[in-house]
Each structure stands twice: as structure tokens, then as C-alpha cells.
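Worth saying up front: this structure is predicted, and the values here are computed from it rather than measured. When reading the values below, keep in mind they use all heavy atoms of this one structure, side chains included, and skip hydrogens, waters and symmetry mates.
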Amino acid sequence: MRPACPERVFEGTVRPRKTVVFRVPSEQPGLAGWTDTSRSLLLERAARHGERIAKDGEILRFAFPAEAVKQSVEKRIELARARQARDLADLDDGLRALEAGLALARLQASKASLERKKKGVLSKRDSQLVDLAVRGAELEIEASERRIEARRGVRAAVEAQHAERLRQAQMEIAELAELETRFRIRAPRAGRVIWPPSLRPAGPVLPLRLPRGERLCELAVDGTLVVDFGLPACQRRGVAVGSALEVRAPGSGRKARAVVESIQLLARPAGTADAEPIFGVRAVLTGHSVRKGRGFEPGQRVELTPGTPCPQDAQPAGRESGAGAPGPDKAAVSRGALWAEIGPGRVGFARTQRVYAPDLQAAEALEIDFIAPEGTRLELGQPLARFSADAPARALGRAGDRLALARAALERKTRESAEQRLDLALAAERAAIELERAELLAVEGIGLRSALRSAGARLDRDAARLRVRLAKEALASFDRKRDADLVLARLAVERAEQHLGRCRRDVEQLSLAAPAPGVLIASVDALEPGRRAVSGEPLCELADPASLAVLLTLDATSARRARPGARLRVGLGCDPSVRVETELGPISPDLHAAAALDADRAAAAGLFPGADAMVEIELSADALLLPARAMVERDGVAGVWLAGPGGLPVFQPIEPGARMGETIEVRSGLSEGQQVWLELPPPGPAREPEQPAAEAVREGGP
């Protein structure tokens, strides 16, 4: 059965035409001194409902410990500067000591050069000792120069690391000022403040704690009032853009006139039992504006009455509104197509691609800033939606700071390890020179005194060998530890780079582009700027416009009737005169099927994507059909009244078949062209059909 149209009275909500929506701040800043991790914020000040606010005027103010946070950050900056001064002072002291050591090494080298001039009068061993002294002096000069250069590199790395930390602390001061503006909301344009009904009429009771992210109030930047309401598809033809509506405020008796401004198909919420799609209608209230206490107010529920009757409400021509209305006296039995309902179907697209809201790292609800209108044809890469979210931008900034610190730490570690390795390498070279000197002095002498001196020299040689071995082991151990530390530092840099890349992708995902060409289909909820979406939730779908179809889920009875390629008639249940013919496609094992629709013909019949439509299937292309109201029962036998000889009624038994609306199939008992009574004949003796007439009926029957 086709659904009946609902009452011609609708409920709507009065809204300003253009508003700016404000929400409770949802971010929880990661700043030092910020200790409030609760799920709500304290509202300290708010403008009254209906109050006019000038541009940049304060609307809301939440509790925000700006001074405490600022003092905490300033202490961090002071501590960072003190550490920087201490580390740089230590490095400068070390540089001065190294420069003094370089000057002393140069003096030792000059003295060793003078000793080399006496080599002609010295023994071979003494000459070799002089050469070792010269080598040692030159090594000390080179070591001092290299250590000074390494220390300067360490100083530059330490200075850069502290400068980066200071920069980040100073950036927190700037972020603090930005956050303070978020907790003190000002009007971007002049307008009137509109509070939700729960906080009216005197405005919010302050102080008041409000959940984070909650939609709080609006600023009406356009004084025009509009009414938004839903319209079933069966009454869509009774309301058009520009048509007039009557608006009433229940309980007050106030009335107003509204003019329809726009009509848009809305996706019906999942699980609804309504068989008709819903259209969203916006009508402009004439003679009323956003003013407190005058006429209609934003947020008020009102009733609307369209002025055009529903097509189903109008009675067919030639028939009265009461039961048993007279029609033609007789009707002829005819042949034609027999159609049967196989249940409701949904108009949609056979090929779609779902688009999801960006799945960001931060668990923050996104606010839609822009989305292409429903029904828009998009090409690949064309802008589809844009979101407003502060957390990704802040996360990107922090990721950049983290990467900068990781790189500065890697540079400092590299410089310091290079300086430490240089010290160990120089110590190993010094130990090698001392070993050579000890081996020269360990030569056997003549006499008791020389023998004792040689024995002590051999002990010094053994100690020098031990120092050389220990220096080499220390150098090898340091290399292993340095390599491990540098690997960890490089891994920290790589992780910071990967995190930065993810943050950049999050920011880029705030602007969605069409992943494929197609038509934009709205999701379950109506999409509009200001709506909040959770990361990763289904947002909308892109459909192939060439795949418009009616989608069916068949039951067991319909599945027995249906066959691929069968003719179908598709239309809205409220208006049976408008139908679109098509063919049934393949039936899946789970009894799902689809039938392609021509887009232009479907639009002319009101079959828009998302609409629920009644689907009829052709059971027979050449069936014997009879008006259903002509069939009567006599003693439990179905039949019709025929016009017999002399105009007297004759009862003719028939075998009825399927019934479709006002038409019934006749399987046997009648032939094409016979006249039957549509209603009870005038009073008179009824007669049974004579034998010849009955035979003629059987011969001409199916």
C-alpha cells in the first residue's frame, strides 16, 4: 500500500539567516603553569541575549590563568639564560686555558729547536732523544690548535642549542597571547548575540562551568530571520521557491508571512520508518528581524502551513470525496500489462566512493569551514571540504621545535664527542712518544750505576707500554660509545622528522580534495559550515553520476516474481501518476538488486538520490484486466455482473488473479471486450447465464 501524506502542518525553527557560531575552547594548552585539565571551563563574563555588539567587542570571557602561565614561562626563560651563561662561561674558560697551553707549547718547541742545533756534538742516543723532544713539542702545538678549534665548534653548538631553547620559550609567550584571545572571544563583525533557549531570557548565570567544545552562542551578523523545516517528498510539489507560507507561534497566537528561499534534499537519518525522503526548506520571515522581544525570536519553534495542496489530497476527476461515489455504470474487460508491487526501493548510485573526515593524530573534533554543496559535480583534485582545527597547526609548530632541538642536540653531541676523541687520540700519541723515549733510555749501561739506571729505565718502558695499551683501549671504547650515542641522536632526529611529516600531513588534510570525479552525496547528517566532525568518521560520498539506480532488497515473495531483465516502474508513493520505467538488473544471492535510472527522467519524476520510491514489476505484458470494484462475491464465489438479454443482470463466476491497486487480473470466466457492471445493478430478477452464453464465454476466455 502506498503511504498516506501526513498533515499539512509542519514544525520549524526560527534562525538568523547568517550567524557566527562560538564554542567553548576545546584545547588544553601544553604550557608550563597550566594545570587545569578538567573537561569544562569557567565562564566569567558574557554578553546578554539580544545585546548588540560592535566589531571587536567582547562577547565571552573564560577563566584563564594568563599571569601565572606567563610568570612560569618567564622563569623558564630566565633559567635557560642562566644555563646558557654558565655553559658558555665554562667553554670560554677552557678556550683561554687552551690558548695559554698553545703559547707554552710554542715556547717548548722553540727550546727543542735550539737543542737540535747541538746534535753534532751529542751521542746517537742523545740525538734521538732531542728528535723525540722536538716531535713532542710539535705534537703539543698541533694538539692545542686542534683542541681550540674543536672547543670553538662545541661552543657554537652549545650556543645554538641554548638559543633554540630560548626561542621556543619566547614562542610560548606569543602562544600564550594567542590562547588568551581564544579565552576572550570578541565579535569579528557587528551583530546581536543569540543565546540558546536554555540560557534565556536573562542570559547565563555567572560564573558557569561549560563543557569543552560545546556550541555556546551565535552572533547574528544579518538581521533577517528565516525558518528551517523538513518537508516530505510527497508534499515537495506543493512548496516551491518563492511560494508563501503562514507561520504561527503556538500558544501566543502571533502569525507572520514567510517566503520560501531555498529547498534542498536532506539525507534521512538511519533507521527511520518514514517511506519518503525529506527536503530541507528555508523560508524568510517578512516583517521580522533579530530584535529581542519583538515578534519571533531565534531558536523559537513555530508551525507552518503551505498554501498548495498535496497531489494525493486532491480527488480524481469524476469522483466525489465520500465512499461509494458513482462512476461509469459499465466497463469493458481489456488486455494490458499487469504490474505488482515488490516493495520500496531507495534511489541512489550503484558506484560510490566514501570520503572520510581527516584522521588526525590529535583527538580533536573538527569544525567544517567549507564543504561543496550537495549534488555538486567534482573533478579529480577539486576542493571538496575544508576544516577549522587549531590543534594540528600547534602540533606542527611543536614538531618543528622538537626537530630543531634534536638537530641541535645531535650537533652538540657530535662536536663534544669529536673533542673528547681528539683528547684521547692525543693522549695515545703522547704515550707512544713516551714509550719511544723510554725504550731509548732502557739501553744496558756499563758499571753498577749505569746498570741501576738502565733497570729503572726498563721499568719506565714497561709503564709506558701499559699506558699506550690503555690509551688505545680507551680510544676504542670511546669510539664504540660515541657511535652508539650518535646513532641514538640520529634516531631522535629521524623520529622528529617523521613526526613533523605526520603533522604536515594533518595540516594538509584539513583541506580535502576530491579523490575521484563524481557527484557529492551528503552523509547521514546534513553537512553545513559549523558542524563538527570526529576524526576518521564517514563524511560524504562521491558517486558516479552515470550509475543512478533504484536499489532494492527483495523478500521471498518478491524474489519469486522478479527476474533479471523484467520491466519495472519506479515512482514516489504519494503520486502514482508519475512513474519511470526501467529494467531489473542481476539479483545477488542475498536478494539485493538494482535497476538503472535515466538521470533526466528520474529528476522529472522527483526521484532524487536518497529518495524512497515504490517499485512495481511487470508480471504479464498481456493479461486480462478488470476494474477491481466490478468483482463481487455470491455464495462464496467470485464473479461479476454481465448485461444479459433484455438488459437484465447475469452473474458470471470468474477466477481472479493478482490484484494491483484498482485493477484485478482475470484468469478465466471472461473474454476481452465484454461489458461488466461496476456497481450493483438496478433492482430486478437476477438470472443465471444461459448455457450457450456460458459456452461462448468459455470459448472466448483464456
Side-chain angles (χ1 to χ4, degrees), residues 87-113 115-116 125 127-162 406-442 457-493:
D87 292 346
L88 293 181
D90 292 343
L91 290 171
D92 289 339
D93 291 343
L95 277 174
R96 286 191 291 270
L98 290 175
E99 289 171 352
L102 176 61
L104 182 61
R106 285 172 176 168
L107 291 175
Q108 294 293 335
S110 299
K111 182 178 178 182
S113 297
E115 292 294 332
R116 179 178 288 181
R125 189 185 68 174
S127 177
Q128 290 175 342
L129 290 174
V130 169
D131 289 338
L132 285 176
V134 172
R135 281 178 53 193
E138 292 175 350
L139 175 63
E140 291 300 327
I141 293 176
E142 181 183 2
S144 297
E145 291 175 346
R146 291 171 63 184
R147 289 190 64 191
I148 289 173
E149 182 181 359
R151 183 59 59 88
R152 287 173 179 169
V154 171
R155 188 187 187 283
V158 171
E159 187 176 12
Q161 187 180 26
H162 283 293
R407 286 175 174 170
L410 175 61
E411 179 66 18
R412 178 176 180 176
K413 189 68 177 177
T414 303
R415 296 282 188 175
E416 290 178 345
S417 61
E419 183 185 22
Q420 294 171 8
R421 192 185 190 286
L422 175 62
D423 290 340
L424 292 174
L426 292 175
E429 291 185 20
R430 291 192 191 98
I433 293 175
E434 288 296 325
L435 176 59
E436 291 184 26
R437 184 172 182 277
E439 287 178 345
L440 289 175
L441 294 176
R458 285 194 297 272
L459 293 175
D460 292 339
R461 179 193 62 190
D462 294 338
R465 288 175 178 172
L466 179 60
R467 285 195 293 271
V468 168
R469 182 171 64 84
L470 292 176
K472 290 180 179 180
E473 291 177 354
L475 185 59
S477 176
F478 175 80
D479 285 342
R480 290 192 297 271
K481 293 180 180 178
R482 179 202 60 182
D483 293 342
D485 291 341
L486 292 180
V487 166
L488 293 176
R490 292 190 185 101
L491 286 176
V493 172

Min side-chain heavy-atom separation Leu139-Arg135 under 4.5 Å: no
CG-CD distance between Leu132 and Glu434, expressed to the nearest 0.5 angstrom: 9.0 Å
Would you mind writing out the side-chain donor-acceptor pairs for residues 416-433 within the sub-3.5 Å range, not counting sequence neighbours?
| unit_1 | atom_1 | unit_2 | atom_2 | d |
| --- | --- | --- | --- | --- |
| Glu416 | OE2 | Arg412 | NE | 2.9 |
| Ser417 | OG | Lys413 | O | 2.8 |
| Ser417 | OG | Thr414 | O | 2.9 |
| Glu419 | OE1 | Arg151 | NE | 3.4 |
| Glu419 | OE2 | Arg151 | NE | 2.3 |
| Glu419 | OE2 | Arg151 | NH2 | 2.6 |
| Arg421 | NE | Asp479 | OD1 | 2.7 |
| Arg421 | NH2 | Asp479 | OD2 | 3.2 |
| Asp423 | OD1 | Arg147 | NE | 2.8 |
| Arg430 | NE | Glu140 | OE2 | 2.4 |
| Arg430 | NH2 | Glu140 | OE1 | 3.2 |

Please report, to 0.1 Å, the donor-acceptor pairs under 3.5 Å made by any side chain of residues 461-476, with sequence neighbours excluded.
| unit_1 | atom_1 | unit_2 | atom_2 | d |
| --- | --- | --- | --- | --- |
| Arg469 | NH1 | Glu473 | OE2 | 3.1 |

Any carboxylate oxygen within less than 4.0 angstrom of a Lys/Arg side-chain nitrogen, looking at Glu159 and Arg415? no
Can you tell me how far CG of Leu488 sits from CG of Asp483, rounded to the nearest 0.5 angstrom? 11.0 Å
Tell me the closest heavy-atom pair linking Ser144 and Ala105, and the distance in Å. OG-CB, 4.4 Å
To the nearest 0.5 Å, tell me how far Asp485 CG sits from Leu410 CG. 11.0 Å
Between atom CG of Leu98 and atom CD of Glu149, what is the distance when rounded to the nearest 0.5 Å? 12.0 Å
Hey, what do you get for CG (Leu102) to CD (Glu99), rounding to the nearest 0.5 Å? 8.0 Å
Got a salt bridge between Glu145 and Arg106, using NZ or NE/NH1/NH2 to carboxylate O under 4.0 Å? yes
For the atom pair CZ (Arg155) and CG (Leu95), what is the distance rounded to the nearest 0.5 Å? 7.5 Å
